[in-house]
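Below: the structure, in structure tokens.
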Amino acid sequence: TPDQIGLLKSLDGIVELKTRKAPWWARFQTAAQAMAKWGPDWFKRFRLVVELHEDGSYALDWQKDPNDGPLFLAMLSVANLKANQGIKGE
């Protein structure tokens with residue numbers, strides 16, 4: 001589930017908070033969350049990952065690639081295929 005769902009400049013979106021450097025796959029996480037929340041219109045919403053640093057600073061990582069959703073679904077399909085075929089560790 002997303003850490004925050006809200007409005008920014010009258011646009012719906014998702015904010016994902018990370019307490020360390022955001023992992024490379026956070027873009028796919030926010031795309032999946034947006035697809036679950038808004039269906040086929042997911043890409044019309046903003047997606048933001050906020051890195052919260054120990055020194056109190058932060059970094060904003062705007063997720064803007066419209067291919068993140070389809071790529072997430074492709075990875076999910078491969079993972080399901082492997083699980084259904086009993087393939088592990090490849």
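Predicted model only: the values in this text are computed from it and were never measured.
In this structure, Q63 and D68 approach most closely via the heavy-atom pair OE1-OD2, 4.3 Å. The shortest heavy-atom contact between W38 and D12 is CZ2-CB, 3.6 Å. The minimum heavy-atom distance between D55 and S57, with the atom names listed, is OD1-OG, 2.5 Å. Minimum interatomic distance between R47 and D65 (heavy atoms only, all atoms of both residues): NH2-O, 3.2 Å. Counting all heavy atoms, side chain and backbone alike, A31 lies closest to G69 at CB-N, 3.7 Å.
Residues L60 and F46 fall within the same hydrophobic cluster, defined by Ile, Leu, Val, Met, Phe, Trp and Tyr side chains chained together at heavy-atom separations under 4.5 Å. No path of Ile, Leu, Val, Met, Phe, Trp and Tyr side chains, each step under 4.5 Å between heavy atoms, connects I5 with L8, placing them in separate hydrophobic clusters.
The number of heavy-atom neighbours closer than 6.0 Å to NZ of K18, taken from other residues, nucleotides and ligands shown, is above 12.
The closest side-chain heavy-atom distance from L48 to I14 is not below 4.5 Å.
The hydrophobic cluster around L76 extends to W24, W25, F28, M35, W42, F43, L71, F72, L73, M75, counting ILVMFWY residues whose side-chain heavy atoms fall within less than 4.5 Å of a member.
Here the OG1 atom belonging to T1 is positioned 7.5 Å from the CD atom belonging to E16, to the nearest 0.5 angstrom. Rounding to the nearest 0.5 Å places CG of D61 at 7.5 Å from NZ of K21.
E51 places no side-chain N or O within donor-acceptor distance of the main-chain N or O of V49, the cut-off being under 3.5 Å. A donor-acceptor contact shorter than 3.5 Å links the side chain of D3 to the backbone of L17.
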